[in-house]
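Numbering starts at 1 and runs along the sequence shown.
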Amino acid sequence: MIITLKKDGLQRRLIDYKRLNNAIPCQTNITQSPLYCASACPPGKKKTFMDAKDGNHSVVLAEGESREVKEFLCEIGRYRCVGFCQGLICSGDAYTHRFDNITASFTNVVRCINDSLLWEDDVKSMFNLTCQYLST
């Protein structure tokens, strides 16, 4: 594990998963392009844009082998990741697949990876849709 800085000055933890990535299958989940998503929203609507920041970290791995293969060493000891993280080949598409399934029943919503664009005709409806989406 190494630590590097993000553009905003915060720290990012990096773990080398090359050998693990060579041994596991890659799930594929097709997502829409940002241009398609932005174009899907009709003009003149009230809009809400949300980013599920680091959402892939919310996917918890099953106890046992799934966690054991994600052990890593650093200066202060040995650790084991309990969820998806950057660098693991299956993380992104597996996360977006789960997110798509959770939000499939919503209308007036488009998603690109972990970004969501919602729209409605008026502020009250937009507020209600946003609350319902966040609660889900």
Side-chain angles (χ1 to χ4, degrees):
M1 181 185 86
I2 60 169
I3 304 290
T4 187
L5 293 179
K6 298 179 184 180
K7 289 180 183 179
D8 62 6
L10 295 175
Q11 295 179 348
R12 172 173 285 148
R13 176 182 68 236
L14 299 173
I15 302 167
D16 183 4
Y17 287 118
K18 285 182 207 154
R19 291 178 57 199
L20 180 58
N21 284 338
N22 288 333
I24 60 176
C26 178
Q27 179 177 346
T28 304
N29 187 58
I30 305 301
T31 59
Q32 302 295 335
S33 72
L35 178 61
Y36 173 84
C37 291
S39 301
C41 179
K45 300 291 182 176
K46 303 299 181 194
K47 301 169 193 72
T48 296
F49 178 77
M50 291 182 274
D51 179 2
K53 185 178 182 312
D54 297 328
N56 59 326
H57 294 292
S58 67
V59 179
V60 179
L61 296 169
E63 290 196 34
E65 258 186 64
S66 295
R67 292 184 183 179
E68 289 171 9
V69 297
K70 291 186 65 198
E71 281 187 352
F72 62 92
L73 297 172
C74 64
E75 293 175 352
I76 56 174
R78 179 184 302 262
Y79 290 89
R80 187 177 289 175
C81 291
V82 296
F84 284 167
C85 53
Q86 291 179 331
L88 192 61
I89 197 169
C90 61
S91 294
D93 285 333
Y95 165 74
T96 57
H97 177 75
R98 286 166 174 80
F99 200 163
D100 287 346
N101 288 342
I102 292 168
T103 59
S105 64
F106 283 90
T107 57
N108 299 352
V109 175
V110 289
R111 287 199 30 260
C112 181
I113 313 297
N114 60 349
D115 297 325
S116 301
L117 173 62
L118 295 71
W119 65 88
E120 279 292 352
D121 292 324
D122 57 79
V123 173
K124 182 178 179 182
S125 299
M126 185 71 261
F127 179 81
N128 290 335
L129 176 61
T130 302
C131 290
Q132 183 182 6
Y133 193 80
L134 289 171
S135 295
T136 302

Considering non-hydrogen atoms only, spot the tightest contact between [X] and [Y] and give its length.
| X | Y | answer |
| --- | --- | --- |
| L117 | A38 | CD2-CA, 4.3 Å |
| V110 | A40 | CG1-CB, 3.7 Å |
| D121 | K46 | O-CG, 3.9 Å |

Checklist entry - If you look only at pairs with a residue in residues 3-12, which of them pass as a side chain to side chain donor-acceptor pair (under 3.5 Å), with sequence neighbours excluded? => result R12-Q86
Checklist entry - Which pairs pass side chain to side chain donor-acceptor pair (under 3.5 Å) with one or both residues in residues 96-106, sequence neighbours excluded? => result N29-T96, N29-D100, H97-N101, D100-R111
Checklist outcome for this item: Value for CG (L20) from CD1 (I89), rounded to nearest 0.5 Å, stands at 9.5 Å
Checklist entry - Do other residues, nucleotides or ligands put more than 12 heavy atoms under 6.0 Å from I76 CD1? => result no
Next on the checklist: How about CD1 on I30, more than 12 heavy atoms from neighbouring residues, nucleotides or ligands closer than 6.0 Å, or not?
Outcome noted: no
Checklist entry - Would you say I3 and L10 are hydrophobically clustered, going by side-chain heavy atoms of ILVMFWY under 4.5 Å? => result no
Next on the checklist: In this structure, would V123 and W119 fall into the same cluster of hydrophobic residues linked by side-chain contacts under 4.5 Å?
Outcome noted: no
Next on the checklist: Enumerate the salt bridge (Lys or Arg N to Asp or Glu O under 4.0 Å) contacts for residues 123-136, please, sequence neighbours excluded, ordered by first and then second residue.
Outcome noted: none
Checklist outcome for this item: Quick note, salt bridge (Lys or Arg N to Asp or Glu O under 4.0 Å) partners involving residues 25-38, not counting sequence neighbours, are none
Checklist outcome for this item: The residue among T107, T130, L129 that forms side-chain contact (heavy atoms from CB on, under 4.5 Å) with E120 is L129
Are side-chain heavy atoms of [X] and [Y] found at a separation under 4.5 Å?
| X | Y | value |
| --- | --- | --- |
| I113 | D115 | no |
| L118 | N108 | no |
| T136 | F106 | yes |

Item to check | ring-ring contact (aromatic ring centres under 6.0 Å, His included) partners for F99, two or more places apart | outcome: Y95
Item to check | Partners passing ring-ring contact (aromatic ring centres under 6.0 Å, His included) against F49 (at least two apart in sequence or in another chain) | outcome: none
